[in-house]
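The following block contains the structure, expressed as structure tokens.
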Protein chains: 2
Amino acid sequence: METKNLLEIERTAVILKLMGDKTRLTMLRLLADHDCCVCEFVEIFEMSQPSVSQHVRKMKDVGMVKEHRRGQWIVYSLNSSFEGYDLVKDMLEYVPDQNHHLEELIAAGKRISCCE
Amino acid sequence: METKNLLEIERTAVILKLMGDKTRLTMLRLLADHDCCVCEFVEIFEMSQPSVSQHVRKMKDVGMVKEHRRGQWIVYSLNSSFEGYDLVKDMLEYVPDQNHHLEELIAAGKRISCCE
DNA sequence: TCAGTATATAACTATTTGCTTATATACTAA
DNA sequence: TTAGTATATAAGCAAATAGTTATATACTGA
């Protein structure tokens with residue numbers, strides 16, 4: 001195994017705490033496969049839009065995810081420049097992909113306009 | 001990279017949440033190098049003994065660590081049979097070893113009797 | 001400009017968390 | 001058996017967390 005770039009223990013704890021929430025972990029696993037916007041997460045998690053925004057904001061605040069606006073939507077993606085990017089990607093390999101959530105949306109006819 | 005044994009996303013979140021605390025993450029990093037007893041952790045973290053016991057208990061409850069009694073001491077170690085053992089070990093490679101804590105104890109003449 | 005849509009922020013609440021002190025349990029050695 | 005040491009459990013508290021509703025902001029298109 002190749003040597004890993006070490007992270008401060010305190011910063012690592014912050015990253016792991018953020019990932020230690022089922023909702024955020026699922027979001028990250030989805031983002032590992034494709035960028036998502038808030039409205040998708042709202043449908044997937046059946047959760048209020050502010051709640052979703054607050055989750056992505058926490059991840060954005062530490063640099064795990066980045067955003068870019070596309071028209072009226074804001075698209076989130078994993079930030080490959082993040083100091084802990086390797087760790088995050090590594091972790092996400094331990095959990096099954098969560099793409100069924102998106103497929104269920106499509107099947108339910110709730111395919112989101114932002115992702116056409 | 002070799003394929004990883006997948007863990008349920010919910011169980012993974014539990015593991016990461018437990019690791020997402022600086023105290024527990026440091027404990028785990030120490031345990032990656034050598035078994036420890038509660039009394040060592042009390043000295044290292046300058047924290048009450050019940051607080052230390054509660055931290056190790058949480059990790060024991062999910063199976064991350066195991067204990068064995070040695071005389072009047074209870075020695076904790078990483079549980080290599082734990083479902084998420086590979087993940088835990090993998091994570092711990094991202095943080096610097098924490099052995100200086102033990103060295104500081106020795107330097108301060110607080111070397112713990114349990115570890116002779 | 002204005003209505004509609006997407007997202008963010010503010011304010012609040014219930015739950016969880018990490019600590020504390022007090023006390024109980026378990027082992028050792030005299 | 002008894003004192004001393006190591007650890008666990010109980011109870012309580014302050015801070016953090018994850019959700020909610022209400023409202024503000026930002027963009028689009030008529």
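Residue numbers start from 1 in every chain, and the chains themselves are labelled A, B, ... in the order their sequence lines are given, proteins ahead of strands.
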Of all the nucleotides listed (dT20(D), dA26(C), dA10(D)), which has the minimum atom distance to the side chain of Ser48(A)?
dT20(D)

Write down the distance between CZ (Arg70(B)) and C1' (dT7(D)), rounded to a whole number of angstrom.
15 Å

In whole angstroms, the gap separating P of dA6(D) from CZ of Phe41(B) amounts to 16 Å

Using only side-chain N and O atoms of Thr23(A), determine if any of them is under 4.0 Å from OP1 or OP2 of dG19(D).
yes

Can you see if the side chain of Tyr76(A) gets near the phosphate of dA6(C) - specifically, an N or O under 4.0 Å from OP1 or OP2?
no

Could you grab the distance from atom CD of Gln49(A) to atom CD of Glu43(A), nearest 0.5 Å is fine?
12.0 Å

From Lys60(B) NZ over to Ile74(B) CD1, what is the distance, rounded to the nearest 0.5 angstrom?
7.5 Å

Treating Ile, Leu, Val, Met, Phe, Trp and Tyr as nodes and any side-chain heavy-atom pair under 4.5 angstrom as an edge, say whether Leu18(B) and Phe45(B) lie in one connected cluster.
yes

Rounded distance [0.5 Å steps], CE in Met19(A) versus CG in Leu87(A):
7.0 Å

Counting only side-chain nitrogens and oxygens, does Lys17(A) get under 4.0 Å of the OP1 or OP2 atom of dT17(D)?
yes

Taking only the side-chain nitrogens and oxygens of Arg69(B), find out if one of them lies under 4.0 Å from OP1 or OP2 of dA26(C).
no

Residue Pro50(A), side-chain heavy atoms: nucleotide from dA6(D), dA8(C), dC27(D) that is nearest
dA8(C)

What integer distance in Å separates Gln72(B):CD from dC27(C):C1'?
6 Å

At less than 4.0 Å, is any side-chain N or O atom of Arg57(A) found next to OP1 or OP2 of dA8(C)? Yes or no.
no

If you take atom types as modelled and just measure distance, does the side chain of Gln49(B) reach the base of dA8(D) with a donor-acceptor pair under 3.5 Å?
yes

From CH2 of Trp73(B) over to P of dC27(C), roughly how many Å is that when rounded to an integer?
14 Å

Side chain of Lys58(B) (C-beta onward), nearest among dG19(D), dT17(C), dA10(D)
dT17(C)

Which whole-number value in Å describes the distance from His55(A) NE2 to dA8(C) C1'?
15 Å

Looking at side-chain heavy atoms only, is the closest gap between Leu25(A) and Met91(A) below 4.5 Å?
no

Could you state the CD-P distance from Gln54(A) to dT21(D), rounded to the nearest angstrom?
12 Å

Atom pair distance, as rounded to whole Å: CE in Met47(A) and C1' in dT7(C):
16 Å

Of the listed nucleotides dA6(C), dT20(C), dA18(D), the one nearest the side chain of Ser51(B)
dT20(C)

Taking the side chain of Asp21(A) as its heavy atoms from C-beta onward, which of dG19(D), dA8(D), dA18(D) lies nearest to it?
dA18(D)

Would you say Lys60(B) places a side-chain N or O within less than 4.0 Å of OP1 or OP2 belonging to dA8(D)?
no

Under 4.0 Å between a Lys/Arg side-chain N and an Asp/Glu carboxylate O for Lys17(B) and Asp21(B)?
no

Any side-chain N or O of Ser53(B) under 4.0 Å from OP1/OP2 of dT7(D)?
no

Between Val52(A) and Gly71(B), name the one whose nearest nucleotide on DNA chain C is closer to the 5' end.
Val52(A)

Send over the distance from Lys22(B) NZ to dA16(D) C1', rounded to a whole Å.
17 Å

